[in-house]
Amino acid sequence: MPSEIAKAYEPQEIERRWAQAWFEEKLYHPLAEAPGTVFSIALPPPNVTGSIHIGHMLEHTQIDILVRWRRMQGFKTLWLPGIDHAGIATQVVVERQLAKEGLKREQIGREEFERRVWQWKAESGDKIKSQMIRLGVSCDWMRERFTLDPPMYRAVMESFLRLYREGLIYRGRYMTNWCPRCQTALSDLETVHEPREGKLWFIRYPIKDSSEFITVATTRPETMLGDTAVAVHPQAERYAKFIGKKAILSLMNREIPIISDDAVDREFGTGAVKVTPAHDPADFAMGQRHKLPEIDIMTPDARISAAGGPYAGMERFAAREKIVEDLKAQGLLEKIAPHQMSVAICDRCKTIVEPRLSIQWFCKMQPLAKPAIEAVESGLLSITPENQKKIFLDWLTNIRDWCISRQLWWGHRIPIWHCGNCGAMTPARDSRVEVVNGRAQIASVPEKCEKCGSSKLTQDPDVLDTWFSSGLWPFSTLGWPDNTEDLRVFYPTSLLISGYDILFFWDARMVMLGLHLTRGETPAQRIPFRKLYLHGIVRDPHGIKMSKTRGNVVDPVEIIEKHGTDALRFTLSVMAAPGGDIALSEERILSYRAFANKIWNAARFLFFNFEKAEAAGLKLDELAAPEIRAKAPYSAADSLPHRWIFSRLARVLEQIDAALEEFRFHEAAHVIYHFFWGDFCDWYIEWLKPQIASENLDEARAAWRNLFAVFEYALRLLHPFMPFITEDLWHRLPQRSGAKSISLEAFPKANPQWTDSSAEQQFAFLQEIIGMARNIHAEMKLDPKAKVAADLSSQDPPLLELAERNREPLMRLARLSELKTTRETLSPASGPAVRSTAQFDLRIRSSETRDIPGEIAKLKKEEERLKKDIEQKQSRLADSAFRERAPSKIIEGLEATVSERQREYEKIVSRLAELS
RNA sequence: GGGCGAUUAGCUCAGUUGGUUAGAGCGUUCCCCUCACACGGGAGAGGUCCAAGGUUCAAGUCCUUGAUCGCCCACCA
């Protein structure tokens, strides 16, 4: 028993030690063949880019709470961790490093580049892992995965090949978002729109063989170089005469047709539009309809290509300026208007994205989305918060094909070979993967072209979108496509917790791919997770989004070093209301650090005094025995406080289970906080102080047994939220000796017999008396050290008896030197030293001088309030409609309240009369 | 252009299915270094629940409209 326990809780050393121990002891490695109901969850793999941030901390905390809770409840619990290779994000990071050396990836070649990324991955991955360990996450490190590891690589190959064979993956020349800096195609999701102050240039296109011209408006004049038509609306009268004629693209000395198309908006700009099929999605579609040529005037790095004639080689925005200048010189620039527009930028590097025509790989989404929609609509997959369900369904309903190819070097390479002879495509024979130089690659390389038999085959250079492999995560991590035992046991996973910001990127794709690819017979067996909980975002103290540019980012590791993981975890939990973001402030963290300290000191108090009690001859060896534990609460001479605390505990347990069941972390955390601090520390311990030191060993034993029992229950309750401090203290308990971890103990379950509403009522009454006495003390500014005599009067004999039975704690906690209980009305019934409820009056006998006007003012205010309240309620009760329609329970309750209020009111009136 | 959410104490936020005196943390006021804890104890103050209508016996909670703020989606050049 450690009496040398520190006065203040210092989390750093303790947390570090336990984090390491949990990791090394491999405590959280469930065996597939073990008995028990499964609770499994896949960690949203952090990107190998960078380090753990506060958002991860929130996510990991919430997952860990549920995982520890379920594990303690007896579930066979798996939390599978891992890291994502984060294709484009990681490549950007390594390219930046290269840039510092003055190098470009093309200069060092694909192989060397990949080597560098792997090197970087090793360092960064280790850092992330060690940070996660420090957070105390109870995941199964023995099952850790990385998306580029051989089994994962194989799963990706298998998925691709299957979807390809099924015709769901196709290749073609389409307009896609292109990042000129990353030099790769992007999916729609990877481009974000940013409002910008732009310009609208009004440009005249002379009509051939005429002095007239047609004016179009454009936000991107440089694309003129690729114009192949001018379009007007079929019903636009003012332009009708031009349809079928030629316009002259003076910059390029080209004649282009004037066409009509429904897609033209008559209201916008001039009602006429230039058509650039190679550089605008809408124009591309129009070009297809009218069989217009597609002139690509831009290079992959967004310079004007040879097709741009005199402007070739110029950077896109420089070309824009030059073109505007030239048009102006030619008198073709009609005007420039300011224009609010939204610019598409690359999510990763913030470069302005160009719509670009290129050959890419796509995945057909509608056939995959349909089962996903059904799963959500049928409730097979539940989504919390509820309102995200509609967003999810809307997106799936309007889904478009997904561009899955990336012109990157970091990722899963597309297992397709192109024939140098006939151009046909040949897929890998199967998904087998081999390891070369420590890196996975496809093993079954085709030897000859499927179509012409030529052996001049080259592998497609593209890699897959990162999210393609992430989309397989819940099953690829469990060994899919093999029918492994892990897969059979732990799939489908029970739950996914992710941020709503990746709902489409990731969550939706897992649902679609899981339903389509895994082998279960029913959707219920194929769905990758049965529940989806979307957490909020951690913001700064004023609710503003954290960002590096604003400089309001907080580093969880720093906070942890300063205040402890438990404090931060608890803060994040207690603030995490479903659907809401979190405004995180240091003050708030401090208050829960104080909570940790409170727990620590409660333990300190117990340990210290227990040592003393033992010295006085108390023996409590039997505390460790489970059958003793099951008997709590242990009776004593007057068992009211014990009955009360166990009744409270039962209620709290019920509330916590209900709250966690529905992801109401804040509610669960609140309940625990107030139980521990309010009920346990402020009342229960205080109440029992004399008994634990009692010379009557029977009395002391009962007190100690209950005290330790409740404390141990509290630690187990708290453990999912504050794993470190609870683990540490638990090992110091006299009940425990050799057990490995509190996290492997059972989560407390309420015994139905604990619920005792009469104990709760009685205790509440005593608390009320004590509160009143303290109030009088404070109001009258009595010497805090002085005890005073008091009278308690009531017409209710059981109340007086209750007070008599609890005379000792009542007097001690209310700081009374004497307590007289009486059925007689107190006289005088007024004065600052009297407080009343409908049931009783409490008077402190004091010789202090009285502030009569002050008292009157206070009483008047109270009188006013009660009067208004009573009137309001009476008129309610007088309303026949109310009496007819309201449930009788409400009416009776209201009547009881009114009569109670009236009694209080009468007392106040008579006291006022007495005073004046 | 669609859609979603928010507006409750000085600040940041809770408030389950409408029901009797609307809560928390921090901050704030007063008293106390009482032998677990000043990261503490005790006692207070502080709110016409954004506005206007409506439904209901009953509205912070449901409906409508408006205001302000925020977010997501969308190929109006």
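Fair warning: this is a prediction, and the values are worked out from it, not measured in the lab. So you know, we letter chains A, B, ... as the sequences are listed, proteins then strands, and number each from 1.
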SB check A:Arg774 A:Glu779 (cutoff 4.0 Å):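 Salt bridge flag = no for A:Glu779 with A:Arg774.
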Let me know the distance between [atom1] of [X] and [atom2] of [N], rounded to the nearest Å.
X        : N     : atom1 : atom2 : answer
A:Lys785 : B:C35 : NZ    : P     : 11 Å
A:Asn552 : B:U12 : CG    : P     : 15 Å
A:Ile544 : B:C11 : CD1   : C1'   : 13 Å
A:Trp395 : B:C4  : CH2   : C1'   : 17 Å
A:Leu877 : B:G19 : CG    : P     : 18 Å
A:His670 : B:U16 : NE2   : C1'   : 15 Å
A:His666 : B:C13 : NE2   : P     : 14 Å
A:Lys390 : B:C71 : NZ    : P     : 20 Å

B/S/- contact track for nucleotides 38-47 of chain B, protein heavy atom under 4.0 Å: SBSSSSS-S-
Determine yes or no for a side-chain-to-main-chain donor-acceptor pair under 3.5 angstrom, with [X] supplying the side chain and [Y] the backbone.
X        : Y        : value
A:Asp227 : A:Lys274 : no
A:Glu354 : A:Trp178 : no
A:Arg569 : A:Phe721 : yes
A:Arg815 : A:Pro784 : yes

[X] side chain to [Y] side chain, donor-acceptor N/O pair below 3.5 angstrom:
X        : Y        : answer
A:Gln340 : A:Glu197 : yes
A:Asp261 : A:His233 : no
A:Ser694 : A:Gln691 : no
A:Glu768 : A:Gln839 : no

Pairing check on [N]: which nucleotide meets the Watson-Crick or G-U wobble criteria with it, both distances under 3.5 Å?
N     : value
B:A6  : B:U68
B:G25 : B:C11
B:U61 : none
B:G40 : B:C32
B:A77 : none
B:A45 : none
B:G18 : none

Write down the distance separating the [atom1] atoms in [N] and [M], rounded off to the nearest Å.
N     : M     : atom1 : result
B:A9  : B:G46 : C1'   : 6 Å
B:A38 : B:U20 : C1'   : 39 Å
B:A58 : B:G47 : P     : 27 Å
B:A6  : B:G44 : C1'   : 32 Å
B:A22 : B:A45 : P     : 13 Å
B:A14 : B:G25 : P     : 16 Å
B:U28 : B:G70 : C1'   : 30 Å
B:G27 : B:G10 : C1'   : 7 Å

Residue A:Asn387, side-chain atoms from C-beta onward, closest of B:G19, B:G5, B:A36: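 Nucleotide nearest to A:Asn387's side chain: B:G5.
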Selection from B:C31, B:C75, B:U20 that lies nearest to any side-chain heavy atom of A:Arg400: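 Closest of the options to the side chain of A:Arg400: B:C75.
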A:His666-A:His670 aromatic ring centre distance below 6.0 Å: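 Between A:His670 and A:His666, which both carry aromatic rings, the centre distance is not below 6.0 Å.
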Ring centers of A:His339, A:Phe268 separated by less than 6.0 Å: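 Ring centroids of A:His339 and A:Phe268 are less than 6.0 Å from each other.
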Reckon [X] touches a base, only the sugar-phosphate, or nothing at all at heavy-atom distances under 4.0 Å?
X        : answer
A:Pro887 : base
A:Arg220 : nothing
A:Lys689 : base
A:His674 : sugar-phosphate

Interface residues of residues 578-588 of chain A with RNA chain B (non-hydrogen, below 4.0 angstrom):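 Going residue by residue through residues 578-588 of chain A, the ones with a heavy atom under 4.0 Å of RNA chain B turn out to be A:Ala583, A:Glu587, A:Arg588.
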N/O donor-acceptor pair, side chain A:Glu686 with base B:A36, under 3.5 angstrom: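 A donor-acceptor contact between them is present.
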Residue closer to the 5' end of RNA chain B, A:Phe504 versus A:Ile391 (nearest nucleotide):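 This one resolves to A:Ile391.
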First of A:Leu866 and A:Ala881 reached from the 5' end of RNA chain B, by closest nucleotide: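 Mapping each residue to its closest nucleotide by heavy atoms, the 5'-most match is A:Leu866.
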All pairs passing side chain to side chain donor-acceptor pair (under 3.5 Å) where residues 573-585 of chain A contributes a residue, at least two apart: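 Sorted pair list: A:Tyr500-A:Asp581, A:Arg539-A:Asp581.
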